[in-house]
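Step one of this worksheet: look at the structure below.
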Amino acid sequence: MSTLLNPEQTEAVLHGDGPLLVLAGAGSGKTRVITYRIAHLIETGIDPEQILAVTFTNKAAEEMRTRIHALKNARVLATTFHSLGARILRGSIHQLGFQNIFAIYDEDDSEKLLKNCLDQLGFGSGDKGFVKETRRAISEAKNNLTAINDNVLSQVYHIYNQKLKECNALDFDDLLFLTVQLLQNFPETRTFYQNRWRYILIDEYQDTNIAQYTIAKILSEKYQNIFVVGDPDQSIYSLRGARYQNILNFERDFPGARVITLDQNYRSTNTILEAANALIAKNTNRFEKALWSELGEGSKIGLYIAYSERQEADFVAQRINQHHHYDTSLDSIAVFYRTNAQSRPFEDALLSRRIPYIIIGGVSFYERREVKDILAYLRILISNTDLISFLRTINAPKRGIGLASLDKIIHSATTHQIPIITFCEEHLDKIKLGGKQIEGMRNYLQTLHRLRTTTPRLKIAEVIQEILNLTGYLAFLEQDPETAQERKENIDELMGKAAEWEEAQENPSIQLFLEELTLRPTASVENPDAPCIKMMTLHNSKGLEFPIVFLTGLEEDILPHINSKLDPAAIEEERRLCYVGITRAKKTLYLTASTYRYTWGTERLMAPSRFLREIPEELLLRL
DNA sequence: TTTTGATAACTTTTT
DNA sequence: GTTATCAAAA
């Protein structure tokens, strides 16, 4: 085994008990170190059940599970912090006053609930910016485990959490926040999980936030076997409260910790690494570290300044064609950009040349209205309390119950402290409704009742079919003939995914299916049959590598993004983002920018990114 | 009271 | 180019 590893990697893999930090530069084989470390633990007789591996994305977790399985034919738990939280809470959340079957609200759902709270507190239908700002503050409080000082905001925070509890729902941040609460306040539960996972390994440690750090700290408190891998230069998630300081403070937080640095890169040519090193050296707050490799100098970095974003995309597509003719698989080419909105011109350019591509991340399949509607039906099937799903389903299809009536219903249900569906079933006489509304409500409840009695015996795909049958949802879609066909196809696809998922599960349930979809929405979409170009945001590129990389939109106000301009720390994060993009490339790297760019319908003159100037001229070849 | 159509205000990155 | 929001119509 150790012949495949260099001395530093070997040292990390064979490390005994106690805390260890691996400072692993880009492409230094950190995934390999973690998997071999786990394999080594299993070899020394440790029960795989006692090993917990935490990764940053579900995709990475899946990859790790597969690799361990291939190496040792063993199953270890490899998940993200959020999934881990969901798993722990599923078993123990009743201690915090929730029911064990809870819904997980995505950003969209929680924003709706928050808006509901703001309405209730008399902030009127206030502007959207305020809702977003408030949600941001709440999210920050949960991720940082801090209180909200502002009087008004803390009142909103309180009501919002209360409403979540009434709905028996959690938002994303609760998966971490409530896990911390549970572990901190219930010693028996804490001890149970400490004993359960005696060896904890964490990847991308530089992107953990305070809540995640606290979970790791508590879980490893008893046995102190915490093994973390990370690179402060690749910390790009401060938007989620990530603190690269966690990695700098590791030795302080875990006394007696050992630190191993990996700086040999096994991925990229020296030209690419020199560019990356020169760029990241401009950041002030960091551990000095320079990557090197034995992969030779390689070719220069192509720099192309286009006139328009259209021309930029054409250039990329044209180059892709050239590489393709040179026998390069389309799978080995990736296009990166800063914001999702930038993908459009590239899609057009590739489409017109019939080059197949796939967008990784981006607007998710599960954010489509029709898909969300069906999922809301699934949620309301297993919950009497889920207000947001009630609101989604009540008028899909239209049942003639408008805003005014809903206001009355919700208000009365809230003041009487009765779950929304129970209220509709048993207490509707408490309020006054028109005949049409009562009829619509009766129709809704009857449908729900019939679904609930017939579905427990059915497979999930069949449940969805039954929802379509009983609600007339497809006819509802027909009202907009333009989009009906596509929407129907999406529902078909959802049913296909449900069937596929259920097939692979030991104990499938609607709740688990829903949890899976909210926590790992992209997983199943990414299985293209034929080779194709991968397009994604720089954030999504983390952890991946490609022989040929196009890093696009290298302009001021895009990369670095305009919102980071005023904050030096934010600019440094943008620089790290650029660094991450560059270090994904193995052999060939292109940097592109455009002189003019259409934003909000008008043409704007763009300045080249400052990051371009920070890369030594002699590494670049202007095209 | 609900539905519809027209007008505005937007877009950073994600579990 | 797009999705919420607000006004008038049914």
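A note on names: the letters A, B, ... follow the listed sequences, proteins ahead of strands, and every chain is numbered from 1.
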Between atom CD in A/Glu111 and atom C1' in C/dA4, what is the gap in whole Å?
11 Å
Considering only B/dT15, B/dT12, B/dT2, which nucleotide approaches the side chain of A/Glu107 most closely?
B/dT15
Stacking between A/His82 and the base of B/dT15 (centre distance under 5.5 Å, interplanar angle under 30°)?
no
Check: A/Glu555 side chain, A/Ala593 main-chain N or O, donor-acceptor pair, under 3.5 Å
no
For A/Phe476 and B/dT3, what is the distance between atoms CZ and C1' respectively, to the nearest whole Å?
12 Å
State which of B/dT2, B/dT11, B/dT14 makes the closest approach to the side chain of A/Lys132.
B/dT11
Quick one: on DNA chain B, does A/Asn563 or A/Ile401 contact a more 5' nucleotide (nearest heavy atom)?
A/Ile401
Of all the choices, B/dT12, B/dT14, C/dT5, which nucleotide is nearest to the side chain of A/Asn540 once you look at every atom?
B/dT14
Is the number of heavy atoms from other residues, nucleotides or ligands within 6.0 Å of CZ (A/Arg442) greater than 12?
no
Without decimals, in angstroms, what is the distance between A/Lys398 NZ and C/dA10 P?
17 Å
Whole-Å distance between B/dT13 P and A/Gln206 CD?
20 Å
Interatomic distance, A/Arg604 CZ vs B/dT11 P [rounded to whole Å]
16 Å
In plain terms, say whether A/Glu312 and A/Arg597 are close enough for a salt bridge, that is, a side-chain N and a carboxylate O under 4.0 Å apart.
yes
In whole Å, measure the gap between the C1' atoms of C/dA4 and B/dT13 for me.
22 Å
Measure from the side-chain N and O atoms of A/Lys408 to the backbone N and O of A/Lys432, and report whether any donor-acceptor pair falls under 3.5 Å.
yes
When the distance from CG of A/Asn395 to P of B/dT1 is rounded to whole Å, what number comes out?
15 Å
Which nucleotide, B/dT15, B/dT14, B/dT2, lies nearest any side-chain atom of A/His539?
B/dT14
List in chain and number order the residues that pass side chain to side chain donor-acceptor pair (under 3.5 Å) with A/Thr80, two or more places apart in sequence or in another chain; answer none if no residue qualifies.
A/Ser83
Please state how far atom CZ in A/Arg344 lies from atom C1' in B/dT12, giving the value in whole angstrom units.
18 Å
Paired and unpaired positions of DNA chain C as dot-bracket, Watson-Crick or G-U wobble under 3.5 Å, | denoting a partner strand
.|||||||||
Look at the side chain of A/Ser352 and the backbone N and O of A/Ala349, then say whether any donor-acceptor pair between them is shorter than 3.5 Å.
yes
Spacing between A/Ile236 atom CD1 and B/dT15 atom C1', to the nearest angstrom:
13 Å
Go through B/dT4, B/dT15, B/dT12 for me and flag the one nearest to the A/Thr57 side chain.
B/dT15
State which of B/dT4, B/dT14, B/dT15 makes the closest approach to the side chain of A/Thr537.
B/dT14
May I ask you to say what A/Gln437 touches in the nucleic acid, namely base, sugar-phosphate or nothing, with a heavy-atom cut-off under 4.0 Å?
sugar-phosphate
Quick one: do A/Phe550 and A/Phe346 satisfy ring-ring contact (aromatic ring centres under 6.0 Å, His included)? Show the steps, please.
CA-CA 11 Å; A/Phe550 293 88; A/Phe346 295 105; 8.6 Å; no
Close side-chain approach of A/Thr55 to A/Ile34, heavy-atom, < 4.5 Å:
no
P spacing across the pair B/dT11 / C/dC6, given as an integer number of angstrom
16 Å
State whether A/Asn340 places a side-chain N or O below 4.0 Å from either non-bridging phosphate oxygen (OP1 or OP2) of B/dT12.
no
Would you say B/dT12 has OP1 or OP2 under 4.0 Å from some side-chain N or O of A/Ser564?
no
Across the strands shown, which category fits A/Tyr237 at heavy-atom distances under 4.0 angstrom: base, sugar-phosphate, nothing?
sugar-phosphate
Establish, with yes or no, whether the OP1 or OP2 oxygen of B/dT2 is under 4.0 angstrom from a side-chain nitrogen or oxygen of A/Ser405.
yes
